[in-house]
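Below is one structure, written out as structure tokens, with a few remarks after it.
Fair warning: this is a prediction, and the values are worked out from it, not measured in the lab. Whatever order the structure lists ligands and atoms in, that order sets their numbers, starting from 1.
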Amino acid sequence: MKGRKLLMIPGPVEFTPEVLRAMGMPTTSHVAAPFVEAFGEALERLRRVFLCPGGQPFVLAGTGTLAMDSAAANLVEPGDRALVVNTGYFSDRFAAILERYGALVTQVAAPQVGDAPSLESIEAALSAGGFKLVTVTHVDTSTAVGFPALAGLAALARRAGALLLVDGVCSVAGEELRMEEWGVDLALTASQKAIGVPPGLALLLAGPRAMAAFARRRAPVGSYYSDWAQWLPIMQAYEARRPAYFGTPPVNLIWALNVSLGQILEEGMEARVARHRALAGAFRAAVRALGLAQVPVREELAAATLTAPCYPEGVGASLLAHVAAAGVLVAGGLHPQIKDRYFRVGHMGAVTPSDILTTVGALEQGLARAGYRFEPGAGLAAAQRALLA
Ligand code: PMP
């Protein structure tokens, strides 16, 4: 009736009215003083959101894949050895990008889809020696598998003399990520997920060891556009509240970013992580109460930013259309091996308890229309109990 459905996919997500207003403001020059101030402030705020006071932020027009590409282009020299901790589709992508820039990639695979490699298996792989970098997907959006042992992995990487690069596209500003405290050397994300800004920004935070490795490079960076030598002076200039130019910054997206980062910091990083955990817990309680399995093989691996429930017996992808008809958009499966067996629900950014209840309600409607037999309201009751606990 309202002509608009609740967007509960794992990115893009629902955005706040203030962020959307910034997107609709008349675009100014990228060297106008108010824009220079907003860009400078956004760069300062990124350090606080990534919890990396000593790091260098980069804001590029592009998507999360560009952020991955930029990390690889600037930190890999042909022949460098890289270890990819693989938890799914986006880890495969990181391996392919690293190889494109000449890295010799070794992968540590999870024992099965829905699981994550153990620290022991990673340590064993690292013991071969000679790795320049290690990559990990903090939350693999194809499986909803998180990597809760990030601090331990950072310690292993450091001991092995390797840089740790974290794909935080589905985690930054939703999952706990203490970049500097844990010793993560680079983390990257995109605007459209827990950062809460429409798609179009690639965001990176490079710690001191990553910047030092970049400074030590001998081979030229294989991408003209991504080269940090081009972007570093731009980021430094805007942070010093001076205009600069290499490529025209996406003015409205950067305004929106600054607004959203302000909202994130106002909520506070710990409170924000706790809210994501609580809402994810409530949604998963509903999924369990409805008798649906999930892709992550253990509860402690399940992400706070999205859930990947399996279709129940006798129900297939047509469920998604029924859920949409009930007013909520959720996403299909993505991991090629299990694509048709599960679906994905994003719950990150400005998501509220009411959004969770609305989504569970629409899921129940959809399951009923798809012919699945269950106790109506069982999911809603479980979610509400968890939310009120
Ligand atoms: N990494 C992860 C974990 C992701 O979830 C995504 C996007 N879903 C990407 C990388 C790629 O980001 P983008 O689609 O913005 O290029």
Side-chain angles (χ1 to χ4, degrees), residues 7-15 50 58-73 82 84-100 107 110 113-114 116-117 134-148 150 153 164-177 184 186-205 223 225-226 250 253 256-257 260 276 280 295-296 301-308 329-336 339 342-349 351:
L7 188 60
M8 295 294 282
I9 65 171
V13 301
E14 294 273 327
F15 304 120
F50 281 72
F58 292 93
V59 175
L60 307 174
T63 74
T65 306
L66 178 75
M68 299 163 84
D69 196 273
S70 164
V84 171
V85 177
N86 197 315
T87 48
Y89 180 92
F90 289 103
S91 312
D92 291 344
R93 177 173 296 191
F94 221 157
I97 293 171
L98 294 165
E99 278 173 351
R100 185 64 66 91
Q107 302 217 38
V113 175
V134 176
T135 70
V136 67
T137 316
H138 196 183
V139 170
D140 198 291
T141 324
S142 72
T143 52
V145 168
F147 196 87
L150 212 47
L153 177 61
L164 178 62
L165 278 50
V166 174
D167 172 353
V169 172
C170 202
S171 82
V172 173
E175 302 276 352
E176 184 175 33
L177 174 58
V184 170
L186 180 141
L188 60 89
T189 190
S191 49
Q192 74 271 19
K193 302 205 191 217
I195 289 282
V197 174
L201 291 177
L203 307 170
L204 297 100
L205 225 305
S223 160
Y225 184 80
S226 283
L253 276 167
L257 174 68
S260 195
H276 279 79
V295 175
L301 290 174
T305 48
L306 85 155
T307 296
L329 295 172
V330 299
L334 181 61
H335 194 291
K339 202 173 176 328
Y342 76 107
F343 59 103
R344 297 174 302 147
V345 179
H347 30 73
M348 63 188 124
V351 61

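- Ligand 1 lies under 4.0 Å from heavy atoms of Thr63, Gly64, Thr65, Met68, Phe90, Arg93, Thr137, Val139, Thr141, Asp167, Val169, Gln192, Lys193.
- A side-chain contact (heavy atoms from CB on, under 4.5 Å) with Phe58 is found for one member of Leu186, Leu204, Leu205, Leu203 and no other, namely Leu204.
- Judged purely by distance below 3.5 Å, without hydrogens or angles, the side chains of Ser171 and His138 pair a donor atom with an acceptor atom.
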With a cut-off of 3.5 Å and sequence neighbours excluded, list every side-chain donor-acceptor pair involving residues 194-202.
none

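- Partners of Thr63 under the side-chain contact (heavy atoms from CB on, under 4.5 Å) rule, at least two apart in sequence or in another chain, are Thr65.
- Here Asp92 pairs with Asn86 under the side chain to side chain donor-acceptor pair (under 3.5 Å) rule; sequence neighbours left out.
- With hydrogens and angles ignored, the 3.5 Å screen pairs a side-chain donor or acceptor of Ser223 with a backbone N or O of Ser226.
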